[in-house]
Amino acid sequence: MKPALFSVLCEIKEKTGLSIRGAQEEDPPDPQLMRLDNMLLAEGVSGPEKGGGSAAAAAAAAASGGSSDNSIEHSDYRAKLTQIRQIYHTELEKYEQACNEFTTHVMNLLREQSRTRPISPKEIERMVGIIHRKFSSIQMQLKQSTCEAVMILRSRFLDARRKRRNFSKQATEILNEYFYSHLSNPYPSEEAKEELAKKCSITVSQVSNWFGNKRIRYKKNIGKFQEEANLYAAKTAVTAAHAVAAAVQNNQTNSPTTPNSGGYPPSCYQSDGRLQ
DNA sequence: CAGAATGATTCTTC
DNA sequence: GAAGAATCATTCTG
């Protein structure tokens with residue numbers, strides 16, 4: 001239920017002493033309207049503003065332009081969303097005010113007329129109901145077009161394929177390290193994914209995507225990745241052996257690039273090239 | 001600028 | 001549901 005509208009009706013009730021039961025006849029919640037409401041709420045267009053107040057929203061839009069991280073490409077989106085939100089709210093306010101004014105106007109007219117002819121509460125209720133429904137349908141249209149605007153905005157700005165950014169060098173380093181040191185079973189558990197995600201400052205599903213892509217691409221062309229495999233094999237081996245190596249450094253005169261040699265091509269693929 | 005690399009999505013399969 | 005496979009859309013590189 002729309003709070004503002006409700007309070008308007010309560011006000012009318014106070015002034016006129018009439019029941020507003022009639023106004024609640026929208027009880028069977030229109031699924032279409034519920035869908036719109038839910039979406040607007042989910043998108044943060046309606047509902048409580050984060051931080052509160054439109055000033056905060058404007059400040060957030062301004063601040064996001066100044067922040068240096070990956071939110072730069074989102075600043076445009078945020079700004080546009082804020083714009084939509086503001087338009088939505090001012091329009092909504094306008095409608096509610098108009099509804100209020102119009103209802104009061106009609107009530108006054110009816111009261112005038114009640115001096116000259118008897119007017120049943122039923123009739124008043126009916127009038128209020130008509131007005132309410134009329135403005136509800138206008139609100140519905142507003143919500144509809146706001147939803148459309150948000151959808152368009154989303155598809156334009158938040159389609160990840162449009163705004164793809166390569167992961168940082170450091171992140172791919174970490175992911176590759178894990179991949180090549182678990183080549184026999186390059187399927188990180190949920191916990192491992194979470195840890196990798198945290199280390200790389202990416203999401204878990206991005207980690208999943210990365211491993212999905214990596215596995216398929218590695219398998220498709222093992223030869224192409226041989227060099228990379230050796231590199232990371234050496235790297236992880238060196239890291240693992242680092243503490244020990246320091247102690248026995250004096251006899252490290254053998255091959256530097258094959259501390260973990262012989263493991264590649266790895267044994268995780270069967271003769272037909274499929275993952276085990 | 002063409003082609004490779006890469007992250008994300010979609011569809012299929014199990 | 002997750003993994004594989006194909007594909008898309010963007011970014012990087014020579």
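Just so it is clear: chains get the letters A, B, ... in the order the sequence lines come, proteins before strands, and each one is counted from 1. Note that the structure is a prediction, hence the values are computed from the model and not measured.
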Practice task
Figure out the CG/C1' separation between A:N221 and C:dG4, and round it to whole Å.
Solution key: 17 Å

Handout entry: Partner set under side chain to side chain contact (heavy atoms under 4.5 Å, CB included) for A:A98, not counting sequence neighbours
Key = A:F135

Problem - Rounded distance in Å - CG (A:N213) to P (C:dA6) - result: 13 Å

Handout entry: Parallel, tilted or perpendicular, as decided by the 30° and 60° cut-offs, for the rings of A:Y218 and A:F179
Key = perpendicular

Completion exercise
Taken in chain and number order and not counting sequence neighbours, the residues that satisfy side chain to side chain contact (heavy atoms under 4.5 Å, CB included) with A:K199 are A:I174, A:E195

Restricting both atoms to N or O, compile the protein contacts to nucleotides 2-6 of chain B shorter than 3.5 Å, with distance only.
unit_1, atom_1, unit_2, atom_2, d
B:dA5, OP2, A:K224, NZ, 3.4
B:dT6, O2, A:R164, NE, 3.1
B:dT6, O2, A:R164, NH1, 3.4
B:dT6, O2, A:R164, NH2, 2.9

Problem - Atom pair distance, as rounded to whole Å: CG in A:N209 and P in C:dT10 - result: 17 Å

Practice task
Return the value, rounded to whole Å, for the distance between atom CD1 of A:I216 and atom C1' of B:dA8.
Solution key: 15 Å

Exercise for the section: For A:R126, enumerate each residue passing the side chain to side chain contact (heavy atoms under 4.5 Å, CB included) test, keeping only those at least two apart in sequence or located in another chain. Expected result: A:I130

Practice task
Any pair with a residue in residues 176-187 of chain A that passes salt bridge (Lys or Arg N to Asp or Glu O under 4.0 Å), sequence neighbours left out, goes on the list, sorted by first then second residue, please.
Solution key: none

Exercise for the section: In whole angstrom, give the distance that lies between atom CZ of A:F211 and atom P of C:dG4. Expected result: 12 Å

Handout entry: For atom CZ of A:R215 and atom P of C:dA3, their distance in whole Å
Key = 6 Å

Practice task
May I ask you to evaluate whether A:K220 reaches the phosphate of C:dG4, defined as a side-chain N or O under 4.0 Å from OP1 or OP2?
Solution key: no

Practice task
Return the value, rounded to whole Å, for the distance between atom CD of A:Q206 and atom C1' of B:dT9.
Solution key: 13 Å

Practice task
With sequence neighbours excluded, tell me which residues meet side chain to side chain contact (heavy atoms under 4.5 Å, CB included) with A:N209.
Solution key: none

